[in-house]
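Note sheet for the following structure.
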Amino acid sequence: MRVLIVTAVPAERDAVVRGVGATAPEPAELPVPGGVLHRLSPAPPTGPPLTVDVLAAGVGPAAAAAGTAAALTAAAVARTPYDLAVSAGIGGGFTIAGPATARPVAAGSVAAGPATTAPSTAGPAAAPPAAARLGSVVVADAIVAADLGAETPDGFAAVTDLGFGTVEHLPPAPLVAAVAEATDAVRGTVLTVSTVTGSAERAAELLRRHPRAVAEAMEGFGVAEAAAAQSVPALEVRTVSNAVGPRDRAAWRIGEALEALTGAFATIAPLLGTWTFDPEGTRQ
Ligand SMILES: O=C(O)c1cccc(C(=O)CC[C@H]2O[C@@H](n3cnc4c(=O)[nH]cnc43)[C@H](O)[C@@H]2O)c1
């Protein structure tokens, strides 16, 4: 099993490396076009060998897509293709749970505490999931480009409404379920935005358009789009550093979120070691 994990910044990469590396020696550093892979080969307790490469590709969907495409292509050309691409890092959490119609937006404050796990049967069409609180782990069951489209007199139109491309990628459901259950994560839609939300109004608008959104970040769709172009499944794992809403950078709990990211990947790495996919993405 070969897994590519893509973060935005080196601090996130290092947090992931610490988590995966709990059972591995020091990472080797391998150059790829435009970046450096940190390669870890943790020994899974059973099953086939696991290679995990972690890449800090930069902030935003374009940098994420470029870095992911470069790493996937280099691996494919070397005849050692990846089986899975993971977008990982910190993110903003939609901190209030409940049905879309009764889902007010947090006005800047984040309720600390353990994550509430969404029902294990929840899929993209199910009821809105639980709140993604500070420090909680979020696993995307849908990776959605939230601002890829056009403003029209009738409001926002996604590129798909205009007849182009895609705005959503769905990670393999069995893998999402296994990773979310193992990490006690909130499961739901993770939005990819090019502009960090900075107002209650914008947060409310995003939730109105995406009632199952649990978090926003800036790279997931880029990773997933690059992976889809090479028929590689994608996953997105975030830990919540701040509430989506009025901008209050001083309230971001980056250290806590990075620690949670390390903890999440210490749990996820052994799972990946035993994971294989069939063409439908179901577990074998
Ligand atoms: O300043 C630091 O020490 C530091 C350490 C690790 C990460 C950062 C970042 O600023 C990472 C930016 C990254 O975080 C995602 N993110 C986090 N919160 C949000 C949000 O509310 N809305 C959108 N994105 C968010 C995003 O993916 C950025 O790439 C700093």
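For this chain, numbers begin at 1 and follow the sequence in order. Counting starts at 1 for both ligands and their atoms, in listed order.
Under 4.0 Å is where a charged nitrogen must lie from a carboxylate oxygen, and between Asp83 and Arg2 no such pair does. Salt-bridge formation is not detected for the pair Arg18/Glu259: no Lys NZ or Arg NE/NH1/NH2 atom is positioned less than 4.0 Å from an Asp or Glu carboxylate oxygen.
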Short N or O contacts of ligand 1 with protein, under 3.5 Å, listed by atom name?
{"unit_1": "ligand 1", "atom_1": "10 (O)", "unit_2": "Arg249", "atom_2": "NH2", "d": "3.4"}
{"unit_1": "ligand 1", "atom_1": "18 (N)", "unit_2": "Gly92", "atom_2": "N", "d": "3.4"}
{"unit_1": "ligand 1", "atom_1": "18 (N)", "unit_2": "Asn242", "atom_2": "OD1", "d": "2.8"}
{"unit_1": "ligand 1", "atom_1": "21 (O)", "unit_2": "Asn242", "atom_2": "ND2", "d": "2.8"}
{"unit_1": "ligand 1", "atom_1": "22 (N)", "unit_2": "Glu216", "atom_2": "OE2", "d": "2.6"}
{"unit_1": "ligand 1", "atom_1": "27 (O)", "unit_2": "Met218", "atom_2": "N", "d": "3.0"}
{"unit_1": "ligand 1", "atom_1": "27 (O)", "unit_2": "Glu219", "atom_2": "OE1", "d": "2.6"}
{"unit_1": "ligand 1", "atom_1": "27 (O)", "unit_2": "Glu219", "atom_2": "OE2", "d": "3.4"}
{"unit_1": "ligand 1", "atom_1": "27 (O)", "unit_2": "Arg238", "atom_2": "NH1", "d": "3.4"}
{"unit_1": "ligand 1", "atom_1": "29 (O)", "unit_2": "Glu219", "atom_2": "OE1", "d": "3.3"}
{"unit_1": "ligand 1", "atom_1": "29 (O)", "unit_2": "Glu219", "atom_2": "OE2", "d": "2.5"}

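The hydrophobic cluster containing Val36, built from Ile/Leu/Val/Met/Phe/Trp/Tyr side-chain heavy atoms closer than 4.5 Å, comprises no other residue.
Pairs passing the ring-ring contact (aromatic ring centres under 6.0 Å, His included) check and including a residue from residues 230-267, sequence neighbours excluded, do not occur.
Of the N and O atoms on the side chains of Thr197 and Arg247, not one donor lies less than 3.5 Å from an acceptor on the other residue.
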Just distance, no hydrogens or angles: give the donor-acceptor pairs under 3.5 Å from side chains in residues 221-231, sequence neighbours left out.
{"unit_1": "Glu225", "atom_1": "OE1", "unit_2": "His169", "atom_2": "NE2", "d": "2.5"}
{"unit_1": "Gln230", "atom_1": "NE2", "unit_2": "Thr73", "atom_2": "OG1", "d": "3.0"}

